[in-house]
2 protein chains.
Amino acid sequence: MLTEAIALLDADGEGALTFRALAARLGGGVASIYWYVSSKDELLDRATDQVISEYVARIADLPGSEDPLADLRALAVDLFDTIREHPWTGRYMMRDSSTQPHVVRAYEALGEQVMRLGMPPRETFHAVSTVLGFVIGTAIDLGQEPPAELAATLADRDSGLEQYAQVWRDLDPEEFPYIHAIIEEFVGHDDADQFRAGLDLILEGMRQQAGGAADADRAGASAGPD
Amino acid sequence: MLTEAIALLDADGEGALTFRALAARLGGGVASIYWYVSSKDELLDRATDQVISEYVARIADLPGSEDPLADLRALAVDLFDTIREHPWTGRYMMRDSSTQPHVVRAYEALGEQVMRLGMPPRETFHAVSTVLGFVIGTAIDLGQEPPAELAATLADRDSGLEQYAQVWRDLDPEEFPYIHAIIEEFVGHDDADQFRAGLDLILEGMRQQAGGAADADRAGASAGPD
DNA sequence: ACCTGAACACCGTTCAAGT
DNA sequence: ACCTGAACACCGTTCAAGT
């Protein structure tokens, strides 16, 4: 059942997951679903955990290096990609630990890399929260479909980004110097690049906070100060 | 009308904003609303812009210092607080530039501070996107009410955080060393602190990327290397 | 130009009843 | 133990009709 729910969500977004649509797909009645799940919220929670369980299985096979920040980076990038493939999961991450055991395992995996930096518990907790907040927040932000109206009016444009750019170009350059400075960057930008650049900013801040030498368990050759 | 809509949204969350409820509050019929607004999405977009217009007015009075990162930090903290006071705005930020002119102004204000760091357009764009993604993402994440079920079952607990902690304490400490390491931090944590710590991580990364000396327009006395 | 009542086509959820 | 049809109490949106 979760598999069918995920298929519906991936295909047409959160609005497409209807108990009636799901029941039709399963060849049963609407009310049957309530035997397996107590509400639509719980269905989304469980579907999200299912998606993350694949992520957890995947990262278990990762080699791991002597550089905690490099490993953390790899985990974060994969998590970002996972959420982007299933944009609806972003909003249901970590809502209920008991029905989402795999989400807890994912957090644990990220956290263990940060622990290797040897910072006190509070700094460790804040660092992990920051990375997760950025990964999930950015994935949600980039994943939301534009308002239907806009998409329909100017759908013939190259990428959809042009629609925003058009409005921006009409702004007074004196009054909006920043917007005009980055407008071409915005039009040609790639979501994944943008995410990675931000992640590196955070990781750089973490390395700085951890005290320059990022490796607490090993001598660090690759992560020296620059 | 927007004022009444915002009052409803603030009082009882996004689910409480109903065209019927709004019409009742305005003492009119349901269909009247469609003369001012073409859909519920547009209503939310405009209400969000209204909230942000107050933010924009507020930051216009800010003094501004010789340290761009300090100014950027102040802008980001205020934006975070604004979104947290109206948690529903997070998801409607920057959806339509033409109906949300104040959101564009807010982005411009953050961007102008980053421009002072003198980085190339691409790095500048990425840095601003990172800060915004983190601010909005974190505000959404922290702002979402827990699943109704959980809230009802154990509502007598101190803060609600204990509910998560309880599940975590039962996890195997060997298998979940990170979770156990930060569990007490989590229980006592303050959302605003957590946000600020993450923001400082990003700002530290930006200072590093901008080349150590953060001030491009002035000699920097307060922002030296530590 | 502005507002309305009544309908339309949906929702999630419940419940008595079936096997 | 598992499933069902039919109903309930809602939604956003439309539309012909009013002033």
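None of these values were measured; they are calculated from a predicted model. So you know, we letter chains A, B, ... as the sequences are listed, proteins then strands, and number each from 1.
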Asks: Will you find, in the side chains of B:Asp96 and B:Ser98, an N or O donor that is under 3.5 Å from an N or O acceptor?
Replies: yes
Asks: If we ignore angles and hydrogens, is there a donor and acceptor under 3.5 Å between the side chains of A:Gln194 and B:His126?
Replies: no
Asks: May I ask you to decide whether A:Arg58 forms a salt bridge with A:Glu54, counting only side-chain N to carboxylate O separations under 4.0 Å?
Replies: no
Asks: May I have the step-by-step check of side chain to side chain contact (heavy atoms under 4.5 Å, CB included) for B:Met206 and B:Val131, ending in yes or no?
Replies: CA-CA 10 Å; B:Met206 281 173 59; B:Val131 172; 4.1 Å; yes
Asks: Partners of A:Glu175 by salt bridge (charged side-chain N to carboxylate O under 4.0 Å, His left out), sequence neighbours excluded?
Replies: B:Arg105
Asks: Are A:Tyr92 and A:Glu14 close enough that a side-chain donor and a side-chain acceptor fall under 3.5 Å?
Replies: yes
Asks: Using a strict threshold of under 4.0 Å (side-chain N to carboxylate O), is an ion pair present between A:Glu184 and B:Arg122?
Replies: no
Asks: Please work out which residues in residues 15-23 of chain B have a non-hydrogen atom less than 4.0 Å from an atom of DNA chain D and list them by number.
Replies: B:Leu17, B:Thr18, B:Phe19, B:Arg20
Asks: Given pairs defined as Watson-Crick or G-U wobble with both distances under 3.5 Å, what dot-bracket annotation applies to DNA chain D, with ( ) intrastrand, [ ] crossing, | other strand and . unpaired?
Replies: ||.|||||...|||||.||
Asks: Return the set of residues passing salt bridge (charged side-chain N to carboxylate O under 4.0 Å, His left out) with B:Asp71 (not counting sequence neighbours), or none when no residue passes.
Replies: B:Arg116
Asks: Taking any atom under 4.0 angstrom from a heavy atom of chain A, which nucleotides of DNA chain C are the first and last to qualify, 5' to 3'?
Replies: C:dC11 to C:dC15
Asks: For B:Tyr34 and for A:Ile33, find the nucleotide of DNA chain D with the closest heavy atom, then tell me which residue's nucleotide is more 5'.
Replies: A:Ile33
Asks: Show me the donor-acceptor pairs, under 3.5 Å and distance only, between side chains in residues 21-31 of chain A and residues at least two apart or in other chains.
Replies:
| residue | atom | partner | partner atom | Å |
| --- | --- | --- | --- | --- |
| A:Arg25 | NE | A:Glu4 | OE1 | 2.6 |

Asks: What verdict does the side chain to side chain contact (heavy atoms under 4.5 Å, CB included) test give for B:Trp168 and B:Phe176, after you've listed the backbone C-alpha separation in whole Å, the side-chain angles of each residue and the deciding distance to 0.1 Å?
Replies: CA-CA 9 Å; B:Trp168 291 355; B:Phe176 294 90; over 6 Å; no
Asks: Please state the P separation for the pair D:dA17 and C:dC2 - nearest whole angstrom.
Replies: 22 Å
